[in-house]
Amino acid sequence: TDGPTVLDGPRDARRDPGESDSLVPPFTHEVAAYDDEAPDTDDLDAEPVVPDVEILLRDARDDEKSGRYEGALRFAEEALKRDPEHPEASRMALKLRERLSAQYLEELEPVERIPYLRATDASILELSLDPIGGFLISQIDGEITIEELLTILGTFDQFRVLSSLHYFLENGIIELR
């Protein structure tokens with residue numbers, strides 16, 4: 001042999017450096033002719049791809065039909081996050097917010113009632129409230145009525161205020177007297 005050699009352990013046998021004791025075959029690059037070998041797609045029974053927004057809106061419609069308006073709103077708002085200009089998602093989210101606002105307001109009636117905190121300060125801190133919820137909870141002092149709270153928070157998004165009050169009531173954070 002004219003080329004370099006590799007010593008193979010104690011036997012001192014000589015072999016070609018291109019040879020290998022590996023069980024893995026050496027890599028060989030083969031060029032595939034993709035255009036000539038394209039699979040026949042007529043035989044495939046694949047469903048068309050549906051955009052995420054359409055799936056979310058379908059789920060929102062299903063929840064709305066089942067009376068799960070909060071779930072429907074979450075799906076519609078998620079669709080709007082992905083496509084802020086989507087007309088159906090905008091209409092659906094608006095309609096659901098209005099429906100839920102009316103439902104939440106009805107739960108709070110008569111609005112002359114006064115909300116009282118039932119939760120401890122420590123448990124309230126664990127809630128991770130958004131700014132509206134945090135401000136709202138800070139206003140509940142056992143003297144202000146629901147009607148007065150809604151007036152104080154009149155510059156805020158009414159749905160978010162009513163939604164926060166609903167959440168507080170449903171989770172036993174406040175009670176109405």
Exercise. Taking the side chain as C-beta and beyond, is there a heavy-atom pair between Glu54 and His86 under 4.5 Å?
Worked result: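 A side-chain contact under 4.5 Å exists here.
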
Problem set entry | Flag side-chain contact, heavy atom, 4.5 Å: Gln139 against Glu148 | no

For this session: Carefully, step by step, assess Leu176 and Phe168 under the rule side chain to side chain contact (heavy atoms under 4.5 Å, CB included).
Result: CA-CA 11 Å; Leu176 301 176; Phe168 297 157; over 6 Å; no

Under 4.0 Å between a side-chain nitrogen and a carboxylate oxygen: does that hold for [X] and [Y]?
| X | Y | value |
| --- | --- | --- |
| Glu70 | Arg99 | no |
| Glu175 | Arg177 | yes |
| Arg160 | Asp130 | yes |
| Glu78 | Arg74 | no |
| Arg82 | Glu77 | no |

Seminar exercise, completed: Here the pair of heavy atoms bringing Ser164 nearest to Ile132 is OG-CG2, 4.5 Å

Exercise. Minimum heavy-atom separation for Ile140 to Pro115, with atom names?
Worked result: CG2-O, 3.4 Å

Distance from [X] atom [atom1] to [Y] atom [atom2], nearest 0.5 Å?
| X | Y | atom1 | atom2 | value |
| --- | --- | --- | --- | --- |
| Arg97 | Met92 | CZ | CE | 12.0 Å |
| Ile137 | Leu117 | CD1 | CG | 5.0 Å |
| Ser163 | Leu73 | OG | CG | 8.5 Å |

Exercise. What do the steps show when you test Leu108 against Leu169 for side chain to side chain contact (heavy atoms under 4.5 Å, CB included), and what is the final call?
Worked result: CA-CA 9 Å; Leu108 297 169; Leu169 196 56; 4.1 Å; yes

For this session: Mind running side chain to side chain contact (heavy atoms under 4.5 Å, CB included) on Thr145 and Val111 for me, showing each step along the way?
Result: CA-CA 7 Å; Thr145 66; Val111 293; over 6 Å; no

Problem set entry | Full working for salt bridge (Lys or Arg N to Asp or Glu O under 4.0 Å) between Glu147 and Arg113 | CA-CA 8 Å; Glu147 184 176 34; Arg113 293 190 292 172; over 6 Å; no

Exercise. Between Ser138 and Phe135, is there a donor-acceptor pair closer than 3.5 Å when you use the side chain of the first and the backbone of the second?
Worked result: yes

Exercise. Within the distance-only criterion (no hydrogens, no angle test), does the side chain of Ser123 pair as donor or acceptor with the backbone N or O of Ala119 below 3.5 angstrom?
Worked result: no

